[in-house]
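Scope of the values below: all heavy atoms of this structure, side chains included, with no hydrogens, waters or symmetry mates.
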Amino acid sequence: MTNDIFAPFPGRADFAAALTDAQRARFEQLGANLDVVERRIADACAAAGRPREEVTLIVVTKTYPAEDTALLAGLGVTDVAENRDQDAAPKAELCVNLPLTWHFVGQLQTNKARSVVRYADLVHSVDRARLVDSLAAAVRNAERPPLGCLVQVALDKESGEGEHRAGVAPAEVLELAEKIADTPGLHMRGVMTVAPLAGPLAGDPARAFARLAEIASAVRAMHPTATMVSAGMSGDLEQAIAAGATHVRVGTAVLGVRSPLG
């Protein structure tokens, strides 16, 4: 692409005016997809009796190029997510001048903590005490503001399923939340889940997200500022919003079907 869409953001109108033909075609495609997703979110909020402003759309840009992330910023998207540091770090560096909040949503190895804290505003996938310690140490070394952290909840572990999946069992959430809250450099922000693939809640996102809402309520009772409930993706955002999700993570419905990861 010939023009610098990663330059300091000039404002939405000026950004759109400078696009090449190829960029404009993708810009319009993304805009049309965003309109559909926005209508779904608005309708789900209305059905749940919730103000639209209560729900933040996070566009999951994994496997897509940084150019798409820049175009999304030009369309007014404020929050983007990645799940692999090796992809996210260079993308975030390219997009550093754009008005974006970066969410890390993938399973995170402790040896990647130092890299992730350089660009992530929030990590949704905190699921063990050792990772808490690694993130805190990385924040101190980076001399950056506190890192927002969410406890990833593995709902299938409540029934003894999903032993090897990321996330903590519901019974362990409060203990991990307490550790995050007590750790300098970290800010306990809430909880996150993915609809389970096993156990009694598999295939029933409405019940799964209702269970997450119960867990989120217990966390907020101990940590009143932990108000984030990150749940719902392209296929089940309506059920998540009905259950009280504050953040929905949507990728395919905005960017299209992904290519297989290499």
Side-chain angles (χ1 to χ4, degrees), residues 33-63 77 79-83 103-107 122-127 150-174 176-177 189-220 226-258:
N33 292 344
L34 276 170
D35 287 344
V36 173
V37 171
E38 171 57 36
R39 285 196 296 273
R40 289 178 61 191
I41 294 172
D43 289 348
C45 286
R50 301 177 61 190
R52 169 64 186 88
E53 304 79 53
E54 286 188 0
V55 178
T56 298
L57 169 63
I58 303 171
V59 179
V60 182
T61 49
K62 65 181 185 180
T63 79
V77 168
D79 292 74
V80 295
E82 290 283 329
N83 74 332
H103 302 252
F104 190 86
V105 299
Q107 190 168 12
L122 299 109
V123 174
H124 291 227
S125 48
V126 180
D127 62 357
L150 286 77
V151 175
Q152 181 172 354
V153 184
L155 293 169
D156 42 6
K157 290 182 179 178
E158 195 160 40
S159 60
E161 305 281 348
E163 178 183 353
H164 301 294
R165 293 190 70 193
V168 298
E172 300 171 1
V173 170
L174 292 180
L176 188 59
R189 295 295 305 276
V191 295
M192 180 272 267
T193 201
V194 177
L197 299 176
L201 300 179
D204 192 346
R207 286 181 59 217
F209 297 143
R211 177 67 182 115
L212 182 69
E214 295 172 354
I215 296 166
S217 180
V219 170
R220 282 196 305 275
T227 57
M228 289 181 63
V229 182
S230 173
M233 298 188 291
S234 292
D236 53 23
L237 67 85
E238 286 86 359
Q239 294 94 327
I241 290 170
T246 63
H247 291 69
V248 293
R249 310 179 306 273
V250 178
T252 302
V254 173
L255 288 149
V257 177
R258 292 183 169 82

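- Residues Ala210 and Ala243 come closest through the heavy atom pair N-CB, 3.8 Å.
- Residues Val55 and Ala245 share a closest heavy-atom pair of CG2-O, 3.7 Å.
- For Gly190 against Ala226, the heavy-atom pair with the smallest separation is N-CB, 3.8 Å.
- Residues passing the side-chain contact (heavy atoms from CB on, under 4.5 Å) test with Ala216 are Val191, Arg220, Val229, sequence neighbours excluded.
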**Request:** Test salt bridge (Lys or Arg N to Asp or Glu O under 4.0 Å) on Lys157 and Glu172 and set out the steps.
**Result:** CA-CA 10 Å; Lys157 290 182 179 178; Glu172 300 171 1; over 6 Å; no

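- Looking at heavy atoms from C-beta onward, Glu38 lies out of side-chain contact with Leu57 at the 4.5 angstrom threshold.
- To the nearest 0.5 angstrom, Asp79 atom CG is 11.0 Å from Thr61 atom OG1.
- Distance check, rounded to the nearest 0.5 Å: NE2 of His103 to CG of Asn83 gives 14.0 Å.
- Annotation: the span from Thr227 atom OG1 to Glu54 atom CD amounts to 10.5 Å, rounded to 0.5 Å.
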Show me, pair by pair, the donor-acceptor contacts under 3.5 angstrom made by side chains of residues 194-204, not counting sequence neighbours?
| residue | atom | partner | partner atom | Å |
| --- | --- | --- | --- | --- |
| Asp204 | OD1 | Arg207 | N | 3.4 |

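- Using modelled atom types, no side-chain atom of Arg211 and backbone atom of Glu214 make a donor-acceptor pair closer than 3.5 Å.
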**Prompt:** Given Ile41 and Val248, is the side-chain contact (heavy atoms from CB on, under 4.5 Å) satisfied, shown in steps?
**Reply:** CA-CA 9 Å; Ile41 294 172; Val248 293; 4.0 Å; yes

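- Here the side chains of Ile215 and Leu155 are in contact, with some heavy-atom distance below 4.5 Å.
- Among pairs with a residue in residues 232-248, those fulfilling side-chain hydrogen bond (donor to acceptor under 3.5 Å, both in side chains) read Arg40-Glu238, at least two apart in sequence or across chains.
- Residues Ile58 and Val250 fail the side-chain proximity criterion, which asks for heavy atoms closer than 4.5 Å.
- The closest side-chain heavy-atom distance from Ser125 to Gln107 is not below 4.5 Å.
- Put simply, the side chain of Thr193 gets close to the backbone of Val153: a donor and an acceptor are under 3.5 Å apart.
- Minimum heavy-atom separation, Gly232 to Ala240: CA-CB, 3.5 Å.
- Arg249 places no side-chain N or O within donor-acceptor distance of the main-chain N or O of Val60, the cut-off being under 3.5 Å.
- The OG atom of Ser230 sits 9.5 Å away from the CG atom of Leu122 when rounded to the nearest 0.5 Å.
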